[in-house]
J.: 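Below you will find the structure I want to go over with you.
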Amino acid sequence: MSPARHAGLLALWSRGRWRGVLVQGPSGSGKSDLALRALDIGFRLVSDDRTLVWSSGGAAYGRAPETLAGRLEVRGVGVLRVPALDFCRIDLVVTSGTPERLPDPEVTVLAGTAVPRLLLRLTDASAPHRIREALCRLGAGPEESYQGRLPAPTAPTMGESAP
């Protein structure tokens, strides 16, 4: 198992299993605040602040160090105990930053495994919803993927009607 990463791990039940999103960024970038907001829309906490990552069977997985399991730091309030999963598969990495409008697909390597990566401003009110949409569309094909490109629309030729 690799050393603990400075990242949180959230999971969402989708398509019959828990799908994890590793949220990374510098201290104070909003990782724990994002986790608190994500819990309100159906996510479950796996780890806050530090995440142990390993690979098995071609996939990356993560869990909280034992001393942090089930705990979420809420600035100005303190450390709260919240229901948490013991571990989950990591299907998406979200990195703190300024996203492009239509990003090209990116991956990052976790414990030797390539995982899709999404750049987001963690403090945006819509960030938990964007992550949910991205997770739900992973592997759904280019037309449904959060990073997919739809073919450019074509003008109707003579005798055709517009769709």
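Side-chain atoms are counted along with the backbone in the values below, which use heavy atoms only and exclude waters and symmetry mates. Bear in mind that the values here come from a model prediction, so they are computed numbers and not experimental data.
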J.: Under a single-linkage definition using a 4.5 Å side-chain heavy-atom cutoff for Ile, Leu, Val, Met, Phe, Trp and Tyr, are L45 and V79 assigned to the same hydrophobic cluster?
T.: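 No; V79 is not reachable from L45 via cluster members.
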J.: Which pairs with one or both residues in residues 73-94 pass salt bridge (charged side-chain N to carboxylate O under 4.0 Å, His left out), sequence neighbours excluded?
T.: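 Pairs touching residues 73-94 that pass the test: R17-D91, R89-D91.
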J.: Is a side-chain donor or acceptor of T108 paired with a backbone partner of R117 at a separation under 3.5 angstrom?
T.: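 No, the answer is negative, given that no donor and acceptor are paired below the 3.5 Å cut-off.
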J.: Testing the basics here: between A35 and L10, what is the closest heavy-atom pair and its distance to 0.1 Å?
T.: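 Reported closest heavy-atom pair: CB-CD2, 3.7 Å.
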J.: If the condition is side-chain contact (heavy atoms from CB on, under 4.5 Å), which residues does V74 pass it with, not counting sequence neighbours?
T.: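 Testing V74 for side-chain contact (heavy atoms from CB on, under 4.5 Å), a comparison that skips the adjacent residues, returns L36, L72, V77, L80.
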J.: So which heavy atom on G62 is nearest to which on T51, and how close?
T.: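 G62 and T51 have their closest heavy atoms at CA-CG2, 4.1 Å.
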J.: If we ignore hydrogens and angles and just use 3.5 Å, is the side chain of R19 paired with the main-chain N or O of L135 as donor and acceptor?
T.: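 No.
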J.: Return each pair, listed once, that meets salt bridge (charged side-chain N to carboxylate O under 4.0 Å, His left out) where at least one residue sits in residues 37-60; pairs must be two or more places apart or across chains.
T.: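 For residues 37-60, and leaving out neighbouring residues, the salt bridge (charged side-chain N to carboxylate O under 4.0 Å, His left out) pairs sorted by first residue read D33-R37.
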J.: Out of curiosity, does I41 fall in the hydrophobic cluster containing L120 (side-chain heavy atoms, cut-off under 4.5 Å, transitive links)?
T.: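 Linked, L120 and I41 end up in one cluster.
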J.: Side-chain contact test, heavy atoms from C-beta onward, threshold under 4.5 Å: evaluate it for I131 versus L12 and give yes or no.
T.: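 No, their side chains stay 4.5 Å or more apart.
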J.: Got a sec, which residues hit side chain to side chain donor-acceptor pair (under 3.5 Å) with T123, two or more places apart in sequence or on another chain?
T.: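 Once residues adjacent in sequence are excluded, T123 has no partner under the side chain to side chain donor-acceptor pair (under 3.5 Å) criterion.
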J.: For F87, I'd like to know if atom CZ has over 12 heavy atoms of other residues, nucleotides or ligands within 6.0 Å.
T.: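 No, because the 6.0 Å sphere around CZ of F87 holds 12 heavy atoms or fewer from other groups.
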J.: Distance check, rounded to the nearest 0.5 Å: R130 atom CZ versus D124 atom CG?
T.: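 Spacing of CZ (R130) from CG (D124) equals 5.0 Å.
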J.: Below 4.5 Å, heavy atoms only, C-beta onward: do L52 and P65 meet side chain to side chain?
T.: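 Yes, side chains in contact.
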J.: Indicate yes or no: at least one non-hydrogen side-chain atom of E106 is less than 4.5 angstrom from one of L119.
T.: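 Side-chain contact under 4.5 Å: no.
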J.: Quick one: which residue pairs count as a ring-ring contact (aromatic ring centres under 6.0 Å, His included) with a foot in residues 9-28, not counting sequence neighbours?
T.: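 Applying ring-ring contact (aromatic ring centres under 6.0 Å, His included) to every pair that reaches into residues 9-28, excluding sequence neighbours, yields W13-W18.
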J.: Taking the side chain from S55 and the backbone from A111, do they hold a donor-acceptor pair closer than 3.5 Å?
T.: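 At least one qualifying donor-acceptor pair exists.
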J.: Measure the shortest side-chain to side-chain distance between L9 and C88 over non-hydrogen atoms and say whether it is less than 4.5 angstrom.
T.: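 Contact flag for L9/C88 side chains = yes.
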J.: Looking only at heavy atoms, what is the nearest atom pair of T113 and A60, with distance?
T.: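 Smallest heavy-atom distance, with atoms named: CG2-N, 3.9 Å.
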J.: List for me each residue that meets side-chain contact (heavy atoms from CB on, under 4.5 Å) alongside T98, sequence neighbours excluded, and say none if there are none.
T.: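 With neighbours one apart ignored, the set is R121.
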J.: Below 3.5 Å, can you tabulate the donor-acceptor pairs from side chains in residues 21-29 to any protein atom, sequence neighbours excluded?
T.:
residue	atom	partner	partner atom	Å
Q24	NE2	T95	OG1	3.1
S29	OG	P26	O	2.7

J.: State the CZ-OG distance between R137 and S14, to the nearest 0.5 angstrom.
T.: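 So the gap between those two atoms works out to 10.0 Å.
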J.: Linking I/L/V/M/F/W/Y whenever their side-chain heavy atoms sit closer than 4.5 Å, directly or via other members, would L68 and Y61 fall into one cluster?
T.: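 Not linked; separate clusters.
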J.: For R63 and V46, which heavy atoms make the closest approach, and how far apart are they?
T.: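 Smallest heavy-atom distance, with atoms named: CA-CG1, 4.0 Å.
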